[in-house]
Amino acid sequence: MTQRLDGRVAVITGAGSGIGLATARRFAAEGAKVVCVDLDAETGAKAANEVGGLFLQADVTDEEAVRDLFQRTVDEYGRLDIAFNNAGISPPDDDSILTTGLDAWKRVQEVNLTSVYLCCKYAIPHMQRQGKGSIINTASFVAVMGAATSQISYSASKGGVLAMSRELGVQFAREGIRVNALCPGPVNTPLLQELFAKDPERAARRLVHIPLGRFAEPEEIAAAVAFLASDDSSFMTANTFLVDGGISGA
Ligand code: NAI
């Protein structure tokens with residue numbers, strides 16, 4: 001595989017599963033040193049072990065933990081080139097505006113949106129010192145279009161990630177820091193499987209709207225993240241990068 005990330009140091013949150021795990025493998029295959037961050041010590045350590053990287057257990061909603069994880073990355077590897085802020089949770093059951101309780105709403109905002117705010121806040125100063133960096137924040141296709149399935153707290157959190165990424169992309173462009181939002185369509189990961197297990201008809205309803213006629217595999221999303229992380233996307237920032245099987249174009 002082309003070594004586009006040779007010598008680069010990358011932090012991936014939610015690296016123990018799904019899109020994060022596939023991206024850890026892809027980054028390592030392209031030559032990066034990978035710091036795998038996850039709340040789950042078992043899956044996170046397994047991922048780091050597999051890619052020959054460092055595992056840091058952290059809750060990305062905890063400000064001190066996030067500040068520490070970026071500092072420890074720089075202490076260990078001397079730099080920070082890529083931050084893939086990806087950890088997230090699925091919508092609560094029956095996530096409609098009429099039924100979602102305030103606590104469930106707040107929890108989704110905290111894990112999906114506040115975590116990205118914290119990761120950008122503590123990654124950017126390291127990148128400013130280097131005059132270069134690439135940040136990829138995981139939003140979702142539901143940040144750019146309404147979904148027939150109820151997921152109001154989830155969609156709102158991802159809309160926030162998208163808006164924040166655009167703003168930061170513009171704000172830090174002249175300092176060599178690129179910030180892009182990744183918007184996957186439905187991806188075959190534990191997060192999606194869990195959602196469909198609770199509501200099997202949801203899968204069929206979703207599938208109908210995907211022009212490519214299937215869900216993505218995590219490796220297909222990882223390929224897009226590697227592109228955004230590498231210099232192959234050097235003229236891209238503040239971008240909404242949809243990898244969605246055509247769902248938003250239909
Ligand atoms: P996943 O459930 O397979 O993996 C998420 C990982 O994040 C898990 O390893 C989990 O332990 C970790 N995590 C959760 N909360 C955390 C916290 N507070 N601190 C640290 N780690 C935490 O999920 P998947 O599908 O790989 O999703 C990754 C991202 O992609 C999420 O932000 C999700 O919203 C987004 N996404 C997923 C889509 C899908 O269809 N699977 C579609 C569009 C976006």
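Both ligands and their constituent atoms are indexed starting at 1 by order of listing. Please read all numbers here as calculations on a predicted model, not as lab measurements.
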*Determine, using heavy atoms of A139 and all atoms of ligand 1, whether some pair is separated by less than 4.0 Å.*
yes
*Taking atom types as modelled, find out whether T13 and N86 have a side-chain donor-acceptor pair closer than 3.5 angstrom.*
no
*Quick one: do Q151 and R202 satisfy side chain to side chain donor-acceptor pair (under 3.5 Å)? Show the steps, please.*
CA-CA 12 Å; Q151 43 183 33; R202 192 179 182 128; 3.0 Å; yes
_With a cutoff of 4.0 Å, is K158 in contact with ligand 1, counting heavy atoms of the residue only?_
yes
*Taking 4.0 angstrom as the limit, do R8 and D231 come out as a salt bridge?*
yes
_Below a 4.0 angstrom heavy-atom separation, can you tell me which part of F141, side chain or backbone, both or neither, approaches ligand 1?_
neither
*Does ligand 1 have an atom under 4.0 Å from some heavy atom of T43?*
no
*Residue and atom name of the nearest protein heavy atom (relative to atom 15 (N) of ligand 1), distance in Å to one decimal*: V111 CG1, 3.8 Å
*Pair Y122, E63: side-chain N/O donor-acceptor within cut-off below 3.5 Å*: yes
*Can we say D93 and K198 salt-bridge, meaning some charged N sits less than 4.0 Å from an Asp/Glu carboxylate O?*
yes
*Does V187 approach ligand 1 within less than 4.0 angstrom via side chain, backbone, both or neither, non-hydrogen atoms only?*
both
*Between E220 and R214, is there a side-chain N and carboxylate O pair less than 4.0 Å apart?*
yes
*From atom 11 (O) of ligand 1, work out which of L56, D38, V142 has a heavy atom at the shortest distance.*
D38
*Look at atom 23 (O) of ligand 1 and say which protein heavy atom is nearest, naming residue and atom and giving the distance to 0.1 Å.*
L191 CB, 3.3 Å
*Verify whether one side chain among E175 and Q128 offers a donor that lies under 3.5 Å from an acceptor in the other.*
yes
_Salt bridge R79-D81, side-chain N to carboxylate O under 4.0 Å_ = yes
*Is there a nitrogen or oxygen of D40 sitting under 3.5 Å from a nitrogen or oxygen of ligand 1?*
no
*Whether over 12 other heavy atoms sit under 6.0 Å from R72 CZ*: no
*Atoms in ligand 1 flagged as close to D59, the criterion being non-hydrogen separation under 4.0 Å*: 17 (C), 18 (N), 19 (N)
_For a quick check under 3.5 Å, do N239 and N180 share a side-chain donor-acceptor pair by atom type?_
no
*Tell me: protein heavy atom nearest atom 31 (C) of ligand 1, and distance?*
N86 O, 3.2 Å
*Which of the numbered atoms in ligand 1 are below 4.0 angstrom from a heavy atom of S140?*
43 (C), 44 (C)
_atom 3 (O) of ligand 1: nearest protein contact (heavy atom, Å)_ = S17 OG, 2.6 Å
*Among S157, P186, G185, P190, which residue places a heavy atom closest to atom 42 (C) of ligand 1?*
G185
*Is it the case that Q57 and D38 place a side-chain donor and acceptor less than 3.5 Å from each other?*
no
_Distance from atom 6 (C) of ligand 1 to nearest protein heavy atom, with residue and atom_ = G14 CA, 3.6 Å
*Hey, looking at atom 13 (N) of ligand 1, which of C36, A87, A58, A15 has the closest heavy atom?*
A87
*Taking distance alone, with no angle check, do L39 and ligand 1 share an N/O pair under 3.5 Å?*
yes
*Is the shortest distance from a heavy atom of Y154 to ligand 1 less than 4.0 Å?*
yes
*In chain order, what residues pass the ring pair (Phe, Tyr, Trp, His ring centres under 6.0 Å) check against F55, with sequence neighbours excluded?*
none
*How close does the nearest protein non-hydrogen atom get to atom 5 (C) of ligand 1, and which residue and atom is it?*
G88 O, 4.0 Å
*Just need the protein heavy atom nearest to atom 26 (O) of ligand 1, so name the residue and atom and give the distance.*
I19 N, 2.8 Å
_Atom indices of ligand 1 within 4.0 angstrom of L192 heavy atoms, with elements_ = 40 (O)
*Is there a donor in the side chain of T61 and an acceptor in the side chain of D59, or the other way round, less than 3.5 Å apart?*
yes
*Atoms of ligand 1 less than 4.0 Å from G18 heavy atoms?*
3 (O), 26 (O)
*Got a salt bridge between R25 and E50, using NZ or NE/NH1/NH2 to carboxylate O under 4.0 Å?*
yes
*Specify the protein heavy atom at minimum distance from atom 17 (C) of ligand 1: its residue, its atom name, and the distance to 0.1 Å.*
V60 CG2, 3.6 Å
